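Because the structure is predicted, anything quoted here is derived from the model rather than measured. Indexing begins at 1, ligand by ligand and atom by atom, following the structure's order.
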Amino acid sequence: MTELLQNFIGGRWVAGQGTGTSLFDPITGNELVRVSSAGLDLISGFSFARKEAGQLLRAMTYAQRAKLLEEVGTVLQANRDAYYEIATANSGTVKSDSAVDIDGALYTVATFAKLGKTLGERRHLVDGDSVSLAKDAKFLSQHLQVPTKGLALFINAFNFPAWGLWEKAAPALLSGVPVVVKPATSTAWLTQRMVKDVVDAGVLPVGALSVVCGSSAGLLDALEEFDVLSFTGSADTAATIRRHPAIAQRSVRINIEADSINSALLMPNCAIDSPSFESLVKEVAREMTVKSGQKCTAIRRIFVPQELFDSAGQAISARLSKITVGNPRNETVRMGSLVSRDQLATVKEGLAMLKSDSEVLYNGEAQPLVDVDPAVASCMAPTLLGVRDGDAGGKVHDHEVFGPVATLIPFRNLEHAQQLVRRGGGSLVVSLYGSDETALAATAVDLAECHGRVHVVTPEVSAIHSGHGNVMPQSLHGGPGRAGGGEELGGLRALNFYHRRAAVQGAQGVVDSVRS
Ligand code: NAP
């Protein structure tokens, strides 16, 4: 029998009951470890986190908690090699794809440690200036942001077991709010190992960081009014969670990052030999293949002027044909596997659905896989689809295929392109490629209303931009509508979720005192 990973809850390591659920190597099919959350006393575990760890965290200043994050970063850095091994084994990712998750996590922790220092020796935040509520300015209102006295529960998706934890935990801990993370079962090992390293190093107050691996049963029932819940995953699970009494009746604050049909848009009047055409082609091929397309921010729809449809299809296909797919342990392989056979089946099903109203421009299914048994491994080469009439093809605007699949769509003019982009119903990110800065800026402002992020690539920044799909801690992550309506990161804005805003009304002396 493989190892049963322990949970850390109520300030101690505890094994769930039963044999648990197995985690597998998606390349070999071998069982790696098992997880179980059965029988855990979540109510008292949550209570311990709120009362014991919450109190100790809140007694510190922002600068002191920033120092804790720095120490967390040192612990994670020291164990980085082990994280890469787990990622290869459990997520089937090549080294550069594991880096997106693991080094992305380390960078995010370091960024919040640095940002936190700027908040200094305070225990709450002042929000704006005071305003007079009386004619003679003797009675005023001052808004404050104070850390919530609840805990933060994170229910995470399978594709970012490292970054998905730390992009949320860093701002929560900096705010003084204890964290309980429930990673997606299929890749829970890396999250559990990171929590274990930090807990064992003793850098945080006991109970400031807890982990529950396995079923989510009972987690939401244990939430109280001042807790917050951050969910990342599918729109279907998000809908179930929104109906839970903790949210519907106890008003637990919730942030949802769900699926998203992101776009890349080549601006009108970009010629086939322009740097912008080249930038779009390069970025699309990269986004389709990094982490095998299992990124919530990956480009799913590519919009090009109609006269460039064929040449864009050929140029993207030419790049995709050079991507070797297979066993990430083989040095010739550029793209590893999907996370599981279940996920492979779901992606293939989604691809078949999209194919029913599109044409295949690059057929990944015909590409041989390297160093794997196709009957066992969860590998799949990229496929580029094309829809010549974007107004008619509905499925591509509605259905997220969470794998190496994207669809090329032509547009008549910029207005038409913007209409088509909006059919995604709200997305995490759109990227724009062109050289007319005025037109790009106007389009960015127009599309900002239905996106969390607009990523603009002009020739000047083509070699240095941070990437369509890379979520930077300094910039907002989240999106309206079908993307879940959430907001994460964005520098110190991330702390808002873990604070309560309140207005204190009183005399000048009281206001001066709460401001200091
Ligand atoms: P999922 O099936 O919805 O699972 C997400 C998490 O919810 C997992 O931890 C899962 O646990 C848990 N869960 C399942 N049923 C639940 C319930 N009834 N109550 C509470 N929790 C429950 O999603 P996924 O397949 O892991 O992730 C893929 C999706 O996530 C994609 O659609 C992708 O677009 C989205 N995603 C979005 C972002 C973003 O930032 N916007 C980032 C990454 C991924 P188990 O694993 O134990 O079932």
Side-chain angles (χ1 to χ4, degrees), residues 7 16 20-23 34-38 42 90-91 100-101 104 108 153-165 167-168 180-189 191-192 211-223 229-247 252 254-262 291-300 338-340 342-347 350 398-403 405 424 426-429 451-453 469-471 475-489:
N7 305 284
T21 306
S22 302
L23 276 60
R34 290 169 299 120
V35 294
S36 168
S37 60
L42 297 172
N90 193 195
S91 292
V100 178
D101 188 27
T108 303
L153 172 64
F154 304 151
I155 299 183
N156 282 354
F158 66 79
N159 57 338
F160 280 105
W163 177 82
L165 162 62
E167 60 114 6
K168 296 170 199 271
V180 179
V181 60
K182 189 274 197 252
T185 297
S186 56
T187 57
W189 190 12
T191 310
Q192 193 270 0
V211 62
V212 174
C213 300
S215 162
S216 57
L219 284 171
L220 273 68
D221 300 331
L223 290 176
L229 168 63
S230 184
F231 169 78
T232 299
S234 64
D236 286 349
T237 311
T240 306
I241 287 178
R242 283 188 207 275
R243 289 192 293 270
H244 190 278
I247 286 82
V252 165
I254 184 166
N255 189 78
I256 291 189
E257 302 289 344
D259 51 18
S260 171
I261 307 185
N262 312 296
K291 286 179 73 67
S292 299
Q294 300 170 112
K295 266 171 47 244
C296 51
T297 50
I299 296 170
R300 307 291 179 201
L338 296 177
V339 77
S340 63
D342 278 356
Q343 204 50 32
L344 179 67
T346 306
V347 169
D398 291 335
H399 190 75
E400 180 201 49
V401 177
F402 205 61
V405 178
S427 304
L428 295 171
V429 52
H451 293 86
R453 188 159 59 83
N470 285 342
V471 176
S475 273
L476 190 77
H477 175 58
R482 70 167 297 145
E487 274 196 9
E488 289 180 340
L489 301 173

With a 3.5 Å distance limit and no angle check, can you tell me whether Asn262 reaches the backbone of Arg300 through a side-chain donor-acceptor pair?
no

With distance as the sole criterion, is a donor-acceptor pair present between the side chains of Ser340 and Asp342 under 3.5 Å?
no

Quick one: list whatever passes ring pair (Phe, Tyr, Trp, His ring centres under 6.0 Å) with Phe154, sequence neighbours left out.
none

Under the ring pair (Phe, Tyr, Trp, His ring centres under 6.0 Å) rule, collect the residues that match up with Phe402, sequence neighbours excluded.
Phe158

Whether the Ser37 and Lys182 side chains hold a donor-acceptor pair (N or O, under 3.5 Å, no angle test) is what I'd like checked.
no

What does the list of residues with a heavy atom under 4.0 Å from ligand 1 look like, ordered by chain and number?
Ile155, Asn156, Ala157, Phe158, Asn159, Lys182, Pro183, Ala184, Thr185, Gly214, Ser216, Phe231, Thr232, Gly233, Ser234, Thr237, Ile241, Glu257, Ala258, Asp259, Cys296, Glu400, Phe402, Leu428, His477

Residue pairs, two or more places apart or on separate chains, that pass side chain to side chain donor-acceptor pair (under 3.5 Å) and touch residues 237-246:
Asp221-His244, Ser234-Thr237

